[in-house]
Novice: 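One structure is given below, represented as structure tokens, and several questions about it will come after.
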Amino acid sequence: MELETSSLPKPCYMQLQTQIPLSKSNYLINYESRLLLLGSCFSEHIGQKFDYFKFQALSNPFGILFHPKAIENLIDRAVHKKTYTKEEVFTLNERWHSFDAHSEKSALNQDKLIEELNIGLGRTKEQLQQTSQLIITLGTAWVYRYLATDRVVANCHKVPQKEFSKELLSVAEVVQSLAHILDLVQSVNESVHVIFTISPVRHLKDGFVENQRSKAHLITAVHQVVNSPSRKGGRECYFPSYEIMMDELRDYRFYKRDMVHPDQTAIDYIWERFQETYIDPKAHTVMTKVAEVQKGLTHRPFNPNSDQHKKFLKSLEAKITYLKKQHPHIGFGRPE
């Protein structure tokens, strides 16, 4: 007697990963969008993705900014055109620094630093006025206050630690800072869509427990702001970068060797989840064509003078011309 297949038990596949449910945003990003990314080093990674795919994006004009007060200060100065003066920079170890910017923006010349800071303010203001999406990545709620001026700094620049006091921003202080950021941004751009996210980078130099306290303050504050009844427009949202790292990628193989920073696989995975949520599906075709050109530009031939390579270059040039015609802002280095 043959056994009917319908009576056989159906195979049960094990679910080996918890996945955070995400809904498609109502404010999708496409190649006409203007983007501004501010915040921790994870915003740099996402910014590099947008740059690779040739979106119209500006990322961290003052370098990496780890906490909300630093981001608030940048936006406040940009909106109100508070340019920098010689009295606001200092020299240490033969370089000029600003407490408001990352060390990568430091310079050998005082005038050069001031010029670059003010250019950064101008670029921030211009992008804020035009941006459709502002993406803010918060890294930590721990801040350092420079005792000589009683001001919270964005970066200590290896100034002796005795000249600072270390503080943990309360949830209320983070809420106040984020609310001020939104008010400032909306004063120059009422239609902007703001995406908050928490960096998955663990700040273990602060301590294991201290890092979790910090992240908890940030997450709680962001949700208070995003869900506030006073934000009637609903143009603020939260993307769970931190939660994806903690709950979907629960394995040290997704970290770099320092066991603190997500590795490239984790960055790519979180980018894919971000793309699912915020990138217009109509942009995917262009992204694919851009990626083809990017890969082609890195190609190194065995024989640059061969007919095959000349044909390859001609095809690559045609792809660049097509993309440029469809989206004039897209530009590439010319193929060699």
Side-chain angles (χ1 to χ4, degrees), residues 37-46 60 62-74 92-93 97-106 135-178 180-181 196-225 238-247 249-263 266-267 270:
L37 296 94
L38 300 173
S40 81
C41 52
F42 191 74
S43 69
E44 296 270 294
H45 296 312
I46 299 300
N60 278 343
F62 267 35
I64 294 167
L65 301 175
F66 296 101
H67 58 76
K69 287 291 186 181
I71 299 170
E72 178 187 6
N73 178 68
L74 168 59
L92 179 70
N93 297 327
H97 310 276
S98 166
F99 278 130
D100 292 345
H102 192 268
S103 297
E104 70 181 37
K105 299 299 177 182
S106 299
I135 303 170
I136 295 178
T137 305
L138 303 174
T140 182
W142 288 100
V143 299
Y144 287 87
R145 185 180 297 276
Y146 188 47
L147 299 175
T149 60
D150 194 35
R151 287 186 68 244
V152 171
V153 303
N155 197 291
C156 295
H157 301 292
K158 298 184 179 179
V159 172
Q161 193 165 350
K162 65 181 180 181
E163 298 189 34
F164 301 91
S165 63
K166 184 178 180 180
E167 306 170 9
L168 179 65
L169 296 175
S170 67
V171 172
E173 287 173 318
V174 178
V175 168
Q176 183 180 39
S177 180
L178 298 182
H180 188 215
I181 287 172
F196 288 107
T197 189
I198 306 301
S199 170
V201 177
R202 298 185 299 159
H203 291 252
L204 296 185
K205 289 183 179 179
D206 294 322
F208 285 84
V209 174
E210 289 78 6
N211 172 68
Q212 295 290 37
R213 290 176 64 196
S214 167
K215 299 291 189 185
H217 282 208
L218 295 176
I219 293 169
T220 303
V222 168
H223 283 284
Q224 282 191 23
V225 170
Y238 179 73
F239 177 72
S241 298
Y242 177 77
E243 292 81 355
I244 290 171
M245 190 72 198
M246 295 296 108
D247 289 302
L249 305 177
R250 297 176 60 90
D251 196 308
Y252 276 109
R253 66 193 168 103
F254 295 116
Y255 285 89
K256 292 182 179 179
R257 292 187 67 180
D258 63 4
M259 298 299 156
V260 170
H261 293 83
D263 70 0
I267 293 168
I270 297 173

Novice: Does the ring centre of Tyr146 sit less than 6.0 Å away from the ring centre of Phe99?
Specialist: yes

Novice: Determine the minimum heavy-atom distance between Ser199 and Tyr242, stating which atoms define it.
Specialist: O-CD1, 3.6 Å

Novice: Quick one: do Asp100 and Asn73 satisfy side chain to side chain donor-acceptor pair (under 3.5 Å)? Show the steps, please.
Specialist: CA-CA 8 Å; Asp100 292 345; Asn73 178 68; 3.2 Å; yes

Novice: Can you tell me which residue among Leu138, Asp206, Leu168 is in a side-chain contact (heavy atoms from CB on, under 4.5 Å) with Ser214?
Specialist: Leu168

Novice: For Glu173, which residues count as a side chain to side chain donor-acceptor pair (under 3.5 Å) partner, sequence neighbours excluded?
Specialist: Ser170

Novice: My understanding is that only one of Thr140, Val152, Val174 makes a side-chain contact (heavy atoms from CB on, under 4.5 Å) with Leu169; could you say which?
Specialist: Val174

Novice: Can you tell me how the ring of Phe42 sits relative to the ring of His45, calling it parallel under 30°, perpendicular over 60° and tilted otherwise?
Specialist: perpendicular

Novice: Evaluate the criterion side chain to side chain donor-acceptor pair (under 3.5 Å) for residue pair Thr137 and Ser43; output intermediate values, then yes/no.
Specialist: CA-CA 6 Å; Thr137 305; Ser43 69; 4.6 Å; no

Novice: Does Thr220 reach the main-chain N or O of His217 with its side chain, forming a donor-acceptor pair under 3.5 Å?
Specialist: no

Novice: Between Asp258 and His261, does the side chain to side chain donor-acceptor pair (under 3.5 Å) criterion hold? Intermediate values first, please.
Specialist: CA-CA 7 Å; Asp258 63 4; His261 293 83; 2.6 Å; yes

Novice: Specify the closest pair of heavy atoms between Ser177 and Glu72, including all atoms of both residues, with the distance to one decimal.
Specialist: OG-OE1, 2.8 Å

Novice: Please determine which of Glu44, His102, Lys105 meets the side chain to side chain donor-acceptor pair (under 3.5 Å) test together with Asn60.
Specialist: Glu44

Novice: Is the distance between the ring centroids of Tyr238 and His223 under 6.0 Å?
Specialist: yes

Novice: Could you tell me whether Glu210 and Arg213 have a side-chain N and a carboxylate O separated by less than 4.0 Å?
Specialist: no

